Visitor: 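Dropping the structure in here first, questions after.
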Amino acid sequence: MYALVDCNCFFVSCERVFNPRLKGKPVVVLSNNDGCAISRSDEAKALGIAMGAPYFKFRNLARKNNIFCLSSNYELYGDMSRRVMSMFDRWSPEVEVYSIDEAFLGLRNLPPEQLSETARDICATVKQWTGIPVSVGIGPTKTLAKVANETAKREKIGGCVPSSSEISSLLTALPVEKIWGIGRNLSKWLHDRDIHTALNLRDSDTRWIRKHLGVSVERTVMELRGTPCIPMDCHPKDQKAMVHARSFGRRVESREELRSAVASYAELVSAKLRREGLAAGGVSVYLSTDFHSEQDAQYHGSETLPFPVATNFTPEVLEYALKAFDKVFRRGFRYKKAGVLMLALVPQTEVQGELFDQVDRNKAARLMSALDGVHIRHGEPLLHFAAGNMTAGWKPRKENRSPRYTTCWMELPIARA
DNA sequence: TCTGGGGTCCTAGGACCC
DNA sequence: TCTGGGGTCCTAGGACCC
């Protein structure tokens, strides 16, 4: 059996832990730029605030009903999430942290009669130790645990451990679009073919599903039947990509303005790579127009460039990101969003310490010129080879020299291509 | 006027090799 | 010179998740 533990309106609950005045009140947490609702308390849901609702559309409603609208604080949520997740090993050695507010627990060795008690215990203990209310759904597969969890949430009963006959009636009442793994496009396709409920999907022919919708949906069908097909993933995988992307508050047409936005995203994301001890094998830049707009011409373009060797070195990331930008930019569109995506991440430790004879001389020369372009204001760029490592840096100009500011060095990660 | 940000996985199709 | 099939690798794009 599997349990899915899901925090109730997680971001709002985190805010309530530190601000008890918010308890019992309608509360909404807004996305970056206060664009739309990303977490709502039950009271806010009852007032009709939809998930993802744009703030400008419910601002008046919020004012009228004294809804607390908060900007998001991801540091806080990340911290609270770690506290909650670190508790689960008391119930199972198999814990998969699935998202910031959800975890799957493998409950292989638990006798069936103890499942309900375990669910209750998880709810009570997590609430007591962290202040975060959670719901627990238990089922024979991860997909069915999700279904049970949704029931627990809807009924506000904390834990839900449906019997197999109860599962069938839950699936009858569950529209396909609510199933884990079935999104908007797949639901439409299924509805067009008269598959409207989870039960309809469970009872459809797997070969036909596989032929038309691929293995992922086939797995979902099997899971609905009670056959586990989606394994627990207890060891956090190495991250594969890292992105920095933002919507602009308005439409942007100017090439220079977009270019500098991309440049600053590239700097931010390479700094984040360094903070996390990672380096990237390539960079991808994308631009898109406002897909909400009916009259604007639509464009979404992206361009990916590999680095000769993995890097997290700002000047180099910048150089490639801007090169990609130049390829992807088209004049005459009104842009709404831009992003810089770092791909093929590797730990920096694997990257450093590469032997000097594997360093490409051309790359060294190119880096010199990148340094030259970006950091020349600090002084003279230098490359330094020692002990099999390459370090790039710059020596400050005389006028910049001060007792606390002498020579700046930046480690240059070097990896196999 | 104002509509998030950060991820993963799968597949089809092209390039290339034998 | 033309012909063919099978395998692998890579990438872009689409779909999904929270």
Side-chain angles (χ1 to χ4, degrees), chain A residues 4 6-11 28-40 49-60 62 69 71-74 77-78 81 96-104 142-143 146 149-150 176-190 210-220 229-231 233 236-251 265 268-269 272 276 281-282 284-286 288-294 296 300-306 324 327-328 334 336-345:
Chain A
L4 174 64
D6 191 325
C7 302
N8 300 343
C9 50
F10 181 56
F11 297 168
V28 170
V29 172
L30 300 166
S31 65
N32 267 26
N33 308 335
D34 295 341
C36 59
I38 52 173
S39 180
R40 308 152 297 145
I49 313 283
M51 187 63 177
Y55 181 44
F56 74 90
K57 282 194 180 168
F58 67 82
R59 188 179 297 153
N60 287 333
C69 296
S71 297
S72 41
N73 177 354
Y74 290 98
Y77 312 148
S81 174
E96 173 184 347
V97 176
Y98 178 69
S99 74
I100 193 163
D101 71 338
E102 282 171 81
F104 287 102
K142 289 164 85 178
T143 304
K146 273 264 190 191
N149 187 282
E150 187 164 281
V176 274
E177 58 270 24
K178 294 270 198 97
I179 304 168
W180 184 42
I182 307 296
R184 253 214 347 255
N185 291 308
L186 288 174
S187 317
K188 175 161 189 332
W189 193 93
L190 291 167
R210 178 173 197 141
K211 179 163 169 241
H212 292 97
L213 303 176
V215 285
S216 315
V217 182
E218 186 190 15
R219 276 198 280 259
T220 297
C229 289
I230 305 175
D233 183 8
K237 286 181 289 280
D238 293 334
Q239 194 178 349
K240 292 176 180 161
M242 184 184 286
V243 52
H244 187 91
R246 285 289 179 279
S247 298
F248 314 123
R250 55 198 172 79
R251 320 291 166 47
Y265 299 173
L268 284 164
V269 78
K272 189 172 175 203
E276 311 210 350
S284 176
V285 168
Y286 68 86
S288 50
T289 50
D290 182 3
F291 61 89
H292 295 293
S293 166
E294 308 241 313
D296 283 11
H300 175 91
S302 75
E303 182 70 30
T304 303
L305 295 177
K327 288 198 177 187
V328 78
R334 308 174 70 218
K336 188 63 198 302
K337 186 174 180 183
V340 176
L341 178 68
M342 307 303 294
L343 303 157
L345 305 188

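Naming convention: chains lettered A, B, ... in sequence-line order (proteins, then strands); numbering from 1 in each chain. These figures come from a predicted structure and were not determined experimentally.
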Visitor: Could you check which of dG4(B), dT11(B), dC17(C) has an atom nearest any side-chain atom of Cys36(A)?
Guide: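 Within the option list, the nearest is dG4(B).
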Visitor: Looking for any heavy atom pair under 4.0 Å, which part of the strands does Asp101(A) touch: base, sugar-phosphate only, or nothing?
Guide: sugar-phosphate
Visitor: Closest to the Val215(A) side chain: dT3(B), dT11(B), dG6(B)?
Guide: dT11(B)
Visitor: Under a 3.5 Å cut-off for both contacts, is dC18(B) paired Watson-Crick or G-U wobble with anything, and if yes, with which nucleotide?
Guide: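 The base-pairing partner of dC18(B), which may sit in any strand shown, is dG5(C).
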Visitor: Base, sugar-phosphate or nothing for Gly249(A)? Non-hydrogen atoms, less than 4.0 Å.
Guide: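 Touches sugar-phosphate only.
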Visitor: Determine the interatomic distance between P on dC2(B) and the same-named atom on dC18(C); round to the nearest Å.
Guide: 29 Å
Visitor: Do Ile100(A) and Phe11(A) have side-chain heavy atoms sitting under 4.5 Å apart?
Guide: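 Touching, per the 4.5 Å side-chain cut-off.
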Visitor: So what does Tyr98(A) touch, heavy atoms closer than 4.0 Å: a base, only the sugar-phosphate, or nothing?
Guide: sugar-phosphate
Visitor: At less than 4.0 Å, is any side-chain N or O atom of Arg251(A) found next to OP1 or OP2 of dC2(B)? Yes or no.
Guide: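 Checking dC2(B) against Arg251(A), a side-chain N or O does come within under 4.0 Å of OP1 or OP2.
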Visitor: Applying a 4.0 Å non-hydrogen cut-off, can you work out what Leu186(A) is touching in the nucleic acid: base, sugar-phosphate, or nothing?
Guide: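 The answer is sugar-phosphate, as Leu186(A) gets under 4.0 Å only of primed atoms, P, OP1 or OP2.
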Visitor: Scan Lys188(A) against the nucleic acid and name what it touches under 4.0 Å (heavy atoms): base, sugar-phosphate only, or nothing.
Guide: nothing
Visitor: Indicate, with a heavy-atom threshold strictly under 4.0 Å, whether Ile179(A) touches base, sugar-phosphate, or nothing.
Guide: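 If one applies the 4.0 Å heavy-atom cut-off, Ile179(A) turns out to touch the sugar-phosphate alone, with no base involved.
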